[in-house]
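See below for the structure under consideration.
Throughout, numbering of the chain's residues begins at 1 and tracks the sequence. Scope of the values below: all heavy atoms of this structure, side chains included, with no hydrogens, waters or symmetry mates.
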Amino acid sequence: MAFDAKQLLDGSHPDLFSLTTHGPGPKGELPLNDQMLLDLPSGDLFGMTQNAGMGWDPNQLLRDQVLILSTMGGIRAEDGRPIALGYHTGHWEVGLLMREAAEELSRNECLPFAAYVSDPCDGRSQGTTAMMDSLAYRNDAAVVMKRLIRSLPTRKGVIGVATCDKGLPAAMMAIAAQHHLPCVIVPGGVTLPPTEGEDAGKVQTIGARFAHGEIDLRTAAEMGCKACGSAGGGCQFLGTAATSQVVSEALGLSLPHTALAPSGQPVWVDAATRSAQALVNMIAEGKTVKDILTPDALHNAMVVHAAFGGSTNLLLHIPAIAFEGGLERPVVSDWNRINRQTPRLVDVLPNGPVGHPTVRVFLAGGVPEVMLHLRELNLLKLDVMTPAGITLREVLEWWESSDRRTQFRNMLMEKDGVNPDDVILSPEAARQRGMTSTVTFPVGNIAPEGSVIKSTAIDSSVVDSDGVYRKLGPAKVFTSEREAIRAVKGQGDRKVEAGDVLVLMCRGPLGSGMEETYQITSALKFLPWGKHVAVVTDARFSGVSTGACIGHVGPEALAGGPIAKLQDGDLIEIVIDCGELTGTINFVGTEDERVDPQAGAKILAERPVTNPLHADPDLPDETRMWALLQQASGGTWGGCVYDVNAIENALLGSTR
């Protein structure tokens with residue numbers, strides 16, 4: 001439809017010229033006294049004027065004020081119809097949680113406020129320049145959330161409501177920084193799997209599968225349409241969104257058994273009601289984030305992350321949360337130690353062996369059920385406090401004999417015919433099914449500072465009988481994800497083939513904002529020969545990535561890392577012990593001249609750079625700034641945070 005200029009300028013509303021130029025203002029009086037007028041700052045007094053102006057009963061303005069801070073996106077009609085779309089299902093329905101929390105606060109004679117910092121969709125960003133903003137956005141959102149909290153100086157507490165890959169880690173960072181405030185987070189839950197169809201992870205590979213003739217156009221169109229079985233919540237797999245919900249609960253920032261609830265359903269709404277009640281109690285009892293977010297809570301979160309087999313992106317987010325909470329950031333040796341101690345107990349997408357959707361994990365008991373097993377292994381710190389006002393020890397004693405536990409676990413059997421003990425397994429059962437621990441940190445002459453691989457997600461058919469993945473293959477080197485995915489799809493002059501090691505460099509923070517490369521890893525997972533290809537990159541991976549994918553290679557290429565010296569045809573040797581969680585990644589010469597890793601290191605050190613090394617030309621200036629600031633603050637292994645003292649020293653140290 002076209003509109004002429006005169007129509008656009010004149011306007012067309014039937015009551016366009018019906019307006020007033022003044023109004024009576026709210027009825028009543030502000031509940032002021034002499035002392036308030038003498039002592040309160042003008043901002044507090046004017047804030048009350050604004051509150052009355054927005055329509056709140058002036059007689060109730062002295063209630064305790066609580067800020068509800070959400071990642072809501074889109075415009076949703078009361079009946080659920082989209083008026084304007086959000087970026088993803090994860091922030092589409094969370095306004096319902098905000099409303100329920102606000103109404104419960106009001107019933108408890110608090111004065112609710114609401115503010116919004118929406119978030120992007122990493123799935124929507126895959127393979128596009130939008131991915132260059134993804135990780136940097138987490139910091140931006142956390143900064144804005146902290147500013148919004150401080151901008152309501154009369155708040156007595158904060159409720160965070162968030163779901164997905166960047167919004168929830170940002171909310172956890174912002175909440176962790178509120179050392180002296182009562183705070184609680186309501187996880188945004190999960191979307192349902194389709195009754196018939198593909199999950200939201202697999203469906204992201206329709207382009208690659210179509211390119212190789214694995215599916216036809218009609219299948220791609222149908223599967224692409226029906227992957228989301230409900231309108232709200234994070235994706236159905238244990239990617240970064242779901243893992244972040246699990247970690248929020250394990251840290252004690254969320255109430256027990258609130259992570260992974262099915263979005264839009266009564267149990268999900270009830271989590272907002274109870275979270276508001278918990279915050280009211282925290283305010284009354286003077287409990288703050290500092291009482292909950294302790295070194296022991298951080299330990300528990302890392303243990304639960306390992307037991308779930310969570311996304312490797314949390315290796316970036318948990319240190320950032322610890323930093324904001326004033327805690328010592330975990331380092332590689334801490335992650336390694338905990339992953340060696342902790343068995344993986346959850347059979348969930350994308351890890352398997354069966355790969356249940358996340359809603360089944362919730363019904364099987366979620367975080368508390370996993371913690372019961374971890375308690376028996378003496379892996380948890382049980383005296384940490386929870387938002388329920390009792391210790392974790394007391395929470396688990398309640399959970400073990402609770403009607404809630406019994407009913408939801410029975411429901412899983414009744415509705416899906418699935419035994420909950422086949423979703424959340426005992427350590428003995430997990431061992432019998434070959435479920436190994438989650439994360440390995442390979443080192444070697446390509447990654448002297450370390451790297452990471454979700455070793456539990458390597459295809460078992462390419463792992464030797466002793467539990468060790470061994471690969472020796474020629475490198476195919478790319479500096480552009482766009483060119484790499486073309487090669488995976490079999491397009492262009494250089495095709496990625498079975499046996500290759502796909503090396504993708506210049507995609508770390510300095511090169512591309514440390515983009516996710518899920519379109520590559522997912523394509524390899526669902527192509528029949530893809531399990532015979534390994535990926536080595538200084539970028540990171542989506543939480544749903546699987547396969548022999550080694551990321552976070554440090555130093556990154558643009559920071560002078562040896563990965564920058566690799567060339568097409570170089571032999572790369574990868575050894576990952578999936579049981580012992582040890583690994584190496586080394587350049588070992590060429591087909592014509594094999595060398596040992598030590599000699600390979602010397603060759604790389606002396607070899608000139610032959611690949612054109614530069615940041616992506618589309619890298620935004622804001623992300624370049626983020627990359628420089630986080631590099632001065634400890635880099636990716638430090639959580640990509642802004643350590644102001646370290647930045648100050650880097651900028652001013654030489655001039656003091």
Side-chain angles (χ1 to χ4, degrees), residues 44 47 51 60-71 94 97-117 142 145-162 168-188 245 247-259 270-298 300-301 321-322 324-327 383-392 394-395:
D44 286 3
N51 298 342
Q60 299 177 359
L61 295 183
L62 295 183
R63 292 177 167 188
D64 286 341
Q65 298 180 6
V66 174
L67 174 61
I68 306 170
L69 194 54
S70 164
T71 57
V94 294
L97 294 175
M98 297 183 76
R99 180 170 181 169
E100 182 60 32
E103 290 177 345
E104 184 62 24
L105 289 170
S106 185
R107 286 191 287 268
N108 283 274
E109 299 188 348
C110 291
L111 183 58
F113 286 73
Y116 308 87
V117 183
M145 288 177 179
K146 288 188 288 183
R147 291 190 189 278
L148 284 172
I149 292 169
R150 294 193 296 267
S151 296
L152 186 65
T154 49
R155 77 279 186 249
K156 294 291 184 67
V158 181
I159 297 176
V161 184
L168 182 48
M172 288 192 279
M173 290 168 65
I175 292 297
Q178 310 310 310
H179 302 175
H180 305 298
L181 272 180
C183 300
V184 66
I185 287 178
V186 186
Q245 295 184 37
V247 165
S248 181
E249 186 176 323
L251 283 168
L253 297 178
S254 300
L255 278 176
H257 203 226
T258 52
D270 180 66
T273 306
R274 294 184 293 111
S275 297
Q277 294 166 350
L279 188 75
V280 170
N281 288 344
M282 290 180 73
I283 293 172
E285 295 170 4
K287 300 292 185 184
T288 71
V289 169
K290 202 73 172 174
D291 297 310
I292 288 177
L293 195 57
T294 64
D296 284 352
L298 185 65
N300 288 346
I321 297 161
E324 295 288 356
L327 305 176
D383 292 326
V384 297
M385 288 300 299
T386 70
I390 58 177
T391 65
L392 178 59
E394 294 169 301
V395 165

For Ala101, check side-chain contact (heavy atoms from CB on, under 4.5 Å) against everything at least two apart and list the hits.
->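 Partners of Ala101 by the side-chain contact (heavy atoms from CB on, under 4.5 Å) criterion, ordered by chain and then number, come out as Ile68, Ile159, Ala272, Ala276.
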What pairs with Asn51 under side-chain contact (heavy atoms from CB on, under 4.5 Å), at least two apart in sequence or on another chain?
->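 Here the qualifying residues are Met54, Leu61, Gln65, Leu111, Phe113.
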Is the number of heavy atoms from other residues, nucleotides or ligands within 6.0 Å of [atom1] ([X]) greater than 12?
X: Glu109; atom1: CD; value: no
X: Arg99; atom1: CZ; value: no
X: Arg107; atom1: CZ; value: yes

Could you tell me whether a side-chain N or O of Gln178 sits under 3.5 Å from a main-chain N or O of Ala174, the two making a donor and an acceptor?
->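 Yes, Gln178 side chain to Ala174 backbone: donor-acceptor pair under 3.5 Å.
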Side-chain (Ser254) to main-chain (Ile185) donor-acceptor, under 3.5 angstrom |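 Answer holds: yes.
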Thr391 and Glu394: side chain donor to acceptor below 3.5 Å =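 Glu394 and Thr391 do have a side-chain donor-acceptor pair below 3.5 Å.
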Could you tell me if the side chain of [Y] sits less than 4.5 Å from the side chain of [X], heavy atoms only?
X: Leu105; Y: Val280; value: yes
X: Thr386; Y: Ile390; value: yes
X: Glu104; Y: Cys110; value: no
X: Val186; Y: Arg274; value: no

Where do Met145 and Thr71 land on the side chain to side chain contact (heavy atoms under 4.5 Å, CB included) test, with the steps shown first?
-> CA-CA 10 Å; Met145 288 177 179; Thr71 57; 3.9 Å; yes
Atom CD in Gln277, atom OG1 in Thr273: separation rounded to 0.5 Å?
->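 Rounded to the nearest 0.5 Å, the CD-OG1 separation comes to 6.5 Å.
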So, for Leu251 and Leu298, which heavy atoms are closest and what is the spacing to 0.1 Å?
->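 Minimum heavy-atom separation between Leu251 and Leu298: CD2-CA, 4.0 Å.
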Contacts under 3.5 angstrom, residues 281-292 side chains, donor-acceptor by atom type, not counting sequence neighbours:
| from | atom 1 | to | atom 2 | distance (Å) |
| --- | --- | --- | --- | --- |
| Thr288 | OG1 | His179 | O | 3.0 |
| Thr288 | OG1 | Lys290 | N | 3.3 |
| Asp291 | OD2 | Thr288 | N | 2.9 |

